[in-house]
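Every number for a ligand or one of its atoms is a count from 1 in the order of the listing.
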Amino acid sequence: MNAFDPPNDAVEPVPPTRRERRRDRASRPWWHTAVVYQVYPRSFADSNGDGVGDIPGITARLDHLDELGVDVVWLSPVYRSPHDDNGYDISDYTDVDPAFGTLADLDELIAEAARRDIGVVMDLVVNHTSDEHPWFEESRSSTDSAKRDWYWWRDAKPGTTAGEPGAEPTNWGSFFSGSAWQLDEATGQYYLHLFSRKQPDLNWENPEVRAEIYAMMRWWLKRGVAGFRMDVINLISKRVGRDGSLEDGAPRADGWGNGFPQYVDGPRMHAFLAEMHQQVFDAFPGTYLTVGETPGVTLEQARAYTDPANREVDMVFQFEHMGLDHGVGGKFDPRPLHLPDLKANLARWQDGLAETGWNALYWNNHDQPRIVSRWGDDGEHRVVSAKTLGTVLHLHRGTPYVYQGEELGMPNAGFTSLEQYRDLESLNHAADAERLGIDPEVLLRGLAAQSRDNARTGVAWDGGPHGGFTTGEPWIGSTPGWEHTNAEAARADQGSVFHHYRRLIELRHTDPVVVDGEFALLAPEHEELWAFTRTTAEAQLVVLANLSGDELAVDLAELGLAEGAPLRDVAVASHAEAARPDGEGRLVLRPWESVVFRRAV
Ligand code: NOJ
């Protein structure tokens, strides 16, 4: 019997098969036709005026998600946490942090979501815990602790004295700047933390650790959750020992080594995931949605992770496309996007997972800047460019993820001074930049473009103070423009980004070509046009999108679209009056316009 197994015996399991009521999904997993909406609880809706979003706030806004039509809510962490990394540092996996509410509030959210046929997917953060988790507190208490081996403890490098520069067991840099090792004075050993020093890495080699985690996951399934989004799951198998290269990969300005090859997609990854599947998901009836967050994952690895025959995870978040505007100095040194690179990347993943595996499609999450500011136009063409970016993503094959506020076309936070930032990654980067003598203007430009805080401001619900996110003082500044860019205004306007996303989701639910159609990219080298087809034995969708602020003439014959049934029926379009081909097979797209035609084959 495991510590986690008994407590929620009284809770009736709510199998996520309820999701199958909406459509006939007999022939495929329900998540093939699903759209997932990510809620970042701290910034979604504040019900009690303390400036921090909470679970009752989410429950109160479920009708917004119901109207949008999403099938699943992925909840970023709401567990007990010291909030060093906004909840991605967990100190109790089976309780809710008081900042967000109670376990009873979460049960109510799950039940209210189920009433609307929406499943709740939890964030599973098990590469690391908080340093305030009782497991770590016990582990650090002495070198003889029964849980010492639950984390990665190492002596100083041979020939050095603990605490002196260069004594760290390896030269690995952490994702959040500085060394990935922290000396614990009490026992004189270092522990590994790939993220902040308050996020010590769990040792997955230890079977007791794995058993506890699986039991905890079963506990949540029993509570009625529809699956898990697995935080940095491809980092759980590590070879801890060797130094990382100082040259390979993106060399770090801070001089720490690149440990990536030792801890990304490590040797026991597939074994761990298969074991998890067997110990957790096979133990419950129903099918769940599992999505792994997998930084640095290759297409080949992703195919293995998502091959149903391997019984590991359903899909993974790949990161290649998110790096296409990172410059030589990394993400805070952005460079302009070259559209053909983005098209080619997504096309490569479409082709690569066409036969085996499945794609997760995303532009946004709590770690990325807002897409309309990043690759659209958040000025004059904000609404239409947000719609067109939504169209191209949702018309790819895979499961789309919508991040809160994306359906409103929310732009970046627009912060102009360091004091406005809250995220530890941004603040650590700023401290490093100061140490390295980087021009403060350059620093602020990098943060304004790429800081994770861009996506972490409160959702704008109405035109009131702080966009109605809170009646109090929000924990982070609000994105300007809520007076017009807010959910209330969007729902009342059929031409809004919201209604466009609603139509995209509806199209996926009703047109099997969106789900199954074979993908073919057209005009790959074109720098403004994003054109592709999706084709089944019965029908074809033709997607034509202008990713520029200029008018764009499209010659259908040049794209190989002149043959076959005429492009007449519009499945979805960015404008009420969509562009149509003239008698000569020419079609003119207005700035940022997109149109999807459907025809028989
Ligand atoms: C990925 C999460 O998305 C990010 O927000 C977090 O900081 C790291 N993993 C560490 O948990």
Which of the numbered atoms in ligand 1 are under 4.0 angstrom from any heavy atom belonging to [X]?
| X | answer |
| --- | --- |
| R452 | 4 (C), 5 (O), 6 (C), 7 (O) |
| D367 | 1 (C), 2 (C), 3 (O), 4 (C), 5 (O) |
| H128 | 10 (C), 11 (O) |

Hey, is F176 touching ligand 1 through its side chain, its backbone, both or neither, going by heavy atoms under 4.0 Å?
-> side chain
May I ask you to check whether F176 and H193 place their ring centres under 6.0 Å from each other?
-> no
Residue selection (non-hydrogen contact nearest atom 1 (C) of ligand 1) among N86, D231, D423 = D231
Side-chain donor-acceptor pair present, Y151, H133, cut-off under 3.5 Å | no
Around atom 7 (O) of ligand 1, find the nearest protein heavy atom and jot down its residue, atom name and distance.
-> D85 OD2, 2.5 Å
What's the shortest distance from atom 8 (C) of ligand 1 to any protein heavy atom, and which residue and atom give it?
-> F195 CE2, 3.8 Å
E425 heavy atom under 4.0 Å from ligand 1 = no
Is it true that R456 lies under 4.0 Å from ligand 1, counting heavy atoms only?
-> yes
Is the side chain of S139 donor-acceptor paired with the backbone N or O of K147 at a distance under 3.5 Å, no angle test?
-> yes
Which one of S130, S81, S76 satisfies the side-chain hydrogen bond (donor to acceptor under 3.5 Å, both in side chains) criterion with Y88?
-> S76
When rounded to the nearest 0.5 angstrom, what is the spacing between CG in L424 and OG in S196?
-> 5.5 Å
Electrostatic pair D231-R229, nearest N-O below 4.0 angstrom = yes
Does the pair D367/R456 count as a salt bridge with the N-to-O cut at 4.0 Å?
-> yes
